[in-house]
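Every number for a ligand or one of its atoms is a count from 1 in the order of the listing.
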Amino acid sequence: MPVLTRDLIQSAGDDFISQQLPEFHGACYPMETSGSTGKPVRIIATDFTRLFYDALMLREHDWHRRDFTKKLLSIRWARRGFAEPPLGHQQSTWGPPINQYHATGSSIFINVASETHKQIDALLLHSPHYLLSYPSQLAALAEYCLDNNICMPFLEEIRTTGESLRDDYAQSIRLAWPQTRLTDVYSSVEIGNIAQQCPEHNHYHVNQENVLLEIVDEHNQPCETGKPGRVLVTSLMNYATPLIRYELGDYAEWGNPCQCGRNLPVIKKIHGRKRNRLVLPNGESLFPYLGEREDRNKITTAVRKFQFIQHTPHDIEYKIIVSQPLSPEQENQLRQLHQKNLGYPFNITITYVDHLPLNHAGKYEEFVSLVNMNHSRT
Ligand SMILES: [Zn+2]
């Protein structure tokens with residue numbers, strides 16, 4: 001079977017939607033991917049697929065033994081003006097599917113597209129036991145807490161979702177909240193929960209009952225354990241939108257079988273999205289090393305937030321928000337540091353900005369490549 005791409009689904013339009021579903025699959029619900037990697041993809045879910053989405057979500061809670069009577073705060077995407085911090089949108093339960101099966105405590109929803117210090121105010125105001133958000137956003141909150149000596153002893157667990165949990169993000173989160181458990185879920189709009197962290201290890205177990213997951217190389221051949229490759233998914237429960245060998249755009253690598261007793265396949269690491277990969281002038285792509293905060297701080301502590309945009313295989317724009325202007329010497333030192341980190345003497349242009357945009361999914365991306373990477377597609 002050929003690899004199914006986003007472009008193919010988009011160009012097929014309604015031809016891609018099944019017209020004759022088994023009756024027991026129930027009603028249909030159109031859903032759209034966020035379009036964070038381009039044009040959104042339209043997927044039809046059914047009552048049957050939703051049952052599996054919910055079951056896998058509940059299994060994830062069960063593995064990690066969450067106490068539903070405690071308070072949950074989630075910081076996620078919402079339309080402008082809704083769920084603004086510090087109050088946010090307050091609900092008496094955790095919402096579906098959990099409240100359909102369990103009595104739950106209250107939950108608070110906070111709009112991710114709000115200022116970091118206001119989100120901190122929300123956390124201090126509501127003192128939740130559980131916090132759920134995107135890794136990049138949690139890393140930004142963690143850095144704010146570290147910079148301002150803010151402690152949150154009430155936080156028992158932080159759950160990350162929606163984008164890959166990079167090592168540097170995890171490091172910041174663990175540094176800011178050392179007493180708090182950190183758990184990641186690998187999910188997508190198209191499939192729901194794809195894999196979740198083993199409660200006993202850092203790696204992930206694939207929800208094989210719902211999805212057939214492959215990791216393939218540039219020739220669409222299976223990758224061996226430990227070799228990163230592109231993730232292809234086949235949805236086993238969605239007959240309305242047949243996703244077969246669908247390329248999600250993520251990279252991941254297989255791990256060895258787990259000792260925990262769960263026989264579901266193990267993903268050792270999820271590397272993230274293609275558009276967040278650095279393209280080298282020779283056409284190779286890799287996950288960019290963006291350096292350590294401490295190294296940057298040795299040159300200047302004025303950089304509050306940054307984003308790299310790769311415009312061509314040789315040219316990278318370094319957008320920064322600063323608390324005070326940099327000297328030409330500091331600019332030069334920063335350029336050299338990033339050339340070293342990125343492993344190539346790119347032309348790095350520094351641009352001063354007042355704010356950095358979130359993508360369509362409400363996520364903040366530290367590195368975006370605009371260089372066409374179609375060479376890795378089939
Ligand atoms: Zn395990």
Cut-off 3.5 Å, no hydrogens considered: what does the side-chain donor-acceptor table look like for residues 309-316, sequence neighbours left out?
residue, atom, partner, partner atom, Å
Gln310, OE1, Val279, N, 2.9
Gln310, OE1, Ser369, OG, 3.1
Gln310, NE2, Val279, O, 2.7
Gln310, NE2, Thr312, O, 3.3
His311, NE2, Glu317, OE1, 2.8
Thr312, OG1, His314, N, 3.0
Thr312, OG1, Asp315, N, 2.9
Thr312, OG1, Asp315, OD2, 2.6
Asp315, OD1, Asn347, ND2, 3.0

query = Within a radius of less than 6.0 Å around CD of Glu329, do more than 12 heavy atoms belonging to other residues, nucleotides or ligands occur?
reply = no
query = Given a cutoff of under 4.5 Å between side-chain heavy atoms of I, L, V, M, F, W and Y, with clusters grown through shared members, what are the other residues clustered with Leu146?
reply = Leu175
query = Of the non-hydrogen atoms in His25 and Met237, which two are nearest, and what is the gap between them?
reply = CE1-O, 4.0 Å
task = Give, for atom CG of Asn99 and atom CZ of Phe68, the distance between the pair rounded to the nearest 0.5 Å.
result = 10.5 Å
request  = Run through the side-chain heavy atoms of Ile, Leu, Val, Met, Phe, Trp and Tyr, join any pair under 4.5 Å, and report what else lands in Ile17's cluster.
outcome  = Ile44
request  = Provide the tally of protein N/O/S atoms nearer than 2.8 Å to the Zn ion (ligand 1).
outcome  = 4
